[in-house]
J.: 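Take a look at this one; I'll ask things after.
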Amino acid sequence: MGQNRRETEELSMRTQNFETIMETYGEDVWNYLYIMTRSRELADDLSQETFIRAHRHLASYRGQASMKTWLLRIARNRWYSYRRLAFMRLVTLPGQLPESEAAESAEAEFLRSELTGELWATVLRLPLKYREILTLQAHYELTMEELSESLGITVSAAKTRLLRARRKAAESWEKERGEA
Amino acid sequence: MTKKDIDWEKDLKPKPFRNNSFTPQNMRRVEEKLDTRPKRMRVWRRAGLSVLAAALLAGIAGLGAGGALDALRQSPPAATTVAPRIDDSGASLDLDFPLKDGDGSGTVAVPLTLVEAELAIGDSENALPPAAPNLDFAMTEQEASSVQAVMAYTPDTGEGLLLLAPRSWTLETAQVGANGSQIVEYVNPEHPDERLSYTESAVDGGTISLIGTYFPSRADWAERKGFPPSADTDAKPRTLYSNENETSGFVRYDRTRPGDGVIASGAAYYEREGDVFRHEEIALSGKGSSAAADVALRFFEANDGAYRLSADSARVTDSRYADEKSWTVAQNAEIRTRLNKAGLKLAALTEADQAVYATAVNGVKPTEWVIDRENAAGTPAERLSVFVFGSREEAQRGAEAFGHDFDASLRNEQISDTAPHVLTGANELILYWSSSRQAEPFSRDQTVRDVLNDLDREAKAVGM
């Protein structure tokens, strides 16, 4: 991330109103959250929470990361906070958390009509930590250092996880093609 | 495309979905939520009582003879309002009150929040909070359902106050001033103009002026003393009485506005010996909270102010606690004190904190603490969830129950960040939450074990 780009974004952040920020990055944030949650309802709720949180902390944004990376980091925190709560609900109300068949069917229909490529379908079927790192690196173009920072792991661990994610995704891809 | 020719950056570069799902409706919802978010910390913008409260904290004695309230209105707030720290990670406790109109044996439960008041000066010494008291203030079930209780204690002395407030209102301030004066404030998050302000002071000049202000028969006396009362003529007494020598008195009053009716109800109590002045006012913009306000002010009248909680009540031994809940509070305080002495620097969750784990295990709810929050160096601070059970055996069963549920729930997607170390000793179960972001995850394992082992040895020594 170049210094000029950071300064440009910082300046941009000061001058753009918040609506413009949502227009610019809303789709990225929502897509990331869908890939993480595999639920449109959750992606809706968490993306709204992400921008509310971002609005509250805009003044503290200093441009160390790009606006997009900063927002994705907030989105990730929102998702993990939700997971903790979901975990608590799971303990409290066994059997309540799994989605209904109707909800699963609605999600399948959404994917059938909206997915732009079969490789994305494969990625979405990966375990969370693999689909996350693969998406952040390949689609959102985070560097190894940014991945390390965002995921809270070392650069070395990020490289290892990315390699495993690619291997796992490639195996799934071939297997699915073979079965097709 | 085969395994060998997948170009990840290229093949996953296109956006995953054809249409943008972050719709204008999503944006509108964000904007609506931002618009409706209640504004916090408005207290000091208000004239009158809030400014009065600030000055009480700063010390009223030096105001001179110019009229206390007039002088206060000229003064900027001398103390910063900060969010209180809430122990017990929320309202996991209830406080029992006698049931009014019953046969004398029934009780009604009111949710209780335990708050460590902020000190204007000095550092917290982690005194034990007071034990939950046995109260004789009776109320009906309907009244109980309209209010909540707050126990605000001072961390340097362990003394505390107990107040009632409308059930849905949120705690905004709990402070102890340099002169020992105290402030507790609640606000209605739906209508931020509705708020409860409780203040109490024991400063000579300021209390004389305030006594003269709220007790007309004492106005001349206050004037002669050189502390003239304020010209606060809005407060219309509903009930007013004092003892024979007028060395103590109580007033219940309303403030009304033409067309709006009652816009605030309040009560004040004074004792000339000790220069005590206690005051509570509840501002109302509708009738929604008026019944709860009446209960809160009757509680004030019954106790000559807030209910007093002495430090001694925190130091009694287990068997002398009135009930299981107060015993739990004390046990939590005890283990917190010991862990702090061992260097963990535990802090209660603030309103901004998300509890890691707040689910009951075998019917026991946890208390969550943050370890060494200020030195977390950008990484998520570690947490402890403490469960106090009735016995060592129950604590062991709790650990097994937690492990079983936790393993089952995370079987599919194990995330190391959310797996705690499970530690038990005496009648306590502690979940220690660390993170792979920590330079040394779970580095306090041994410290926590040592404290639990000490408790275990002591419990065995007394046959528990």
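Chain identifiers are assigned alphabetically (A, B, ...) following the order of the sequence lines, protein sequences preceding nucleic acid strands; residue numbering begins at 1 within each chain. Basis for what follows: all heavy atoms, side chains included, without hydrogens, waters or symmetry-related copies.
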J.: Need one label for A:L33: side chain, backbone, both or neither, based on atoms under 4.5 Å from any heavy atom in chain B.
T.: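 Neither part.
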J.: Tell me the salt bridge (Lys or Arg N to Asp or Glu O under 4.0 Å) pairs involving residues 17-32 of chain A, sequence neighbours left out?
T.: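 Residue pairs with at least one partner in residues 17-32 of chain A: A:E27-B:K15, A:D28-A:K68.
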J.: Pick one of side chain, backbone, both or neither for A:V29, based on which atoms fall under 4.5 Å of a heavy atom in chain B.
T.: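 For A:V29, neither part sits under 4.5 Å from chain B.
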J.: For the pair A:R166 (side chain) and B:W8 (backbone), establish whether a donor and an acceptor sit closer than 3.5 Å, ignoring hydrogens and angles.
T.: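 Not a single qualifying donor-acceptor pair exists.
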J.: Measuring heavy-atom distances to chain B, does A:Y140 have an atom under 4.5 Å in its side chain, in its backbone, in both, or in neither?
T.: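 For A:Y140, there is no contact with chain B at all, as no heavy atom is under 4.5 Å.
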J.: Can you confirm whether A:R164 is buried at CZ, in the sense that more than 12 heavy atoms of other residues, nucleotides or ligands lie under 6.0 Å from that atom?
T.: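 No - once you tally the heavy atoms of other residues, nucleotides and ligands closer than 6.0 Å, there are 12 at most.
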J.: Side chain, backbone, both or neither: which part of A:A169 has a non-hydrogen atom closer than 4.5 Å to chain B?
T.: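 Both backbone and side chain.
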J.: So which pairs with a foot in residues 135-144 of chain A pass salt bridge (Lys or Arg N to Asp or Glu O under 4.0 Å), sequence neighbours left out?
T.: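 For residues 135-144 of chain A: A:E141-B:K13.
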J.: Do the rings of A:F110 and B:F17 sit parallel, tilted or perpendicular, given the 30° and 60° boundaries?
T.: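 Ring orientation of A:F110 relative to B:F17: tilted.
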J.: Counting the benzene-type ring for Trp, do A:F51 and B:F22 have ring centres under 6.0 Å apart?
T.: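 That pair passes the under 6.0 Å test.
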J.: Looking at B:R29, is its backbone amide N or carbonyl O close enough to the side chain of A:Q48 to form a donor-acceptor pair, meaning the two atoms are under 3.5 Å apart?
T.: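 Pair absent, no side-chain N/O of A:Q48 close to backbone of B:R29.
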J.: Tell me, for A:S113 versus chain B, whether the close heavy atoms (under 4.5 Å) come from the side chain, the backbone, both or neither.
T.: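 A:S113 touches chain B through backbone heavy atoms alone.
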J.: Using modelled atom types only, decide if a donor and an acceptor are shared between the side chain of A:T116 and the backbone of B:P16 within a distance under 3.5 Å.
T.: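 Yes: the side chain of A:T116 pairs with the backbone of B:P16.
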J.: Show your reasoning for whether side chain to side chain contact (heavy atoms under 4.5 Å, CB included) applies to B:E9 and A:Q137.
T.: CA-CA 8 Å; B:E9 284 83 356; A:Q137 188 270 334; 2.6 Å; yes
J.: Evaluate the side chain to side chain contact (heavy atoms under 4.5 Å, CB included) criterion for residues A:L134 and B:L12: first the C-alpha distance (whole Å), next the side-chain angles of each, then the deciding distance (0.1 Å), finally the verdict.
T.: CA-CA 9 Å; A:L134 207 49; B:L12 291 180; 4.1 Å; yes
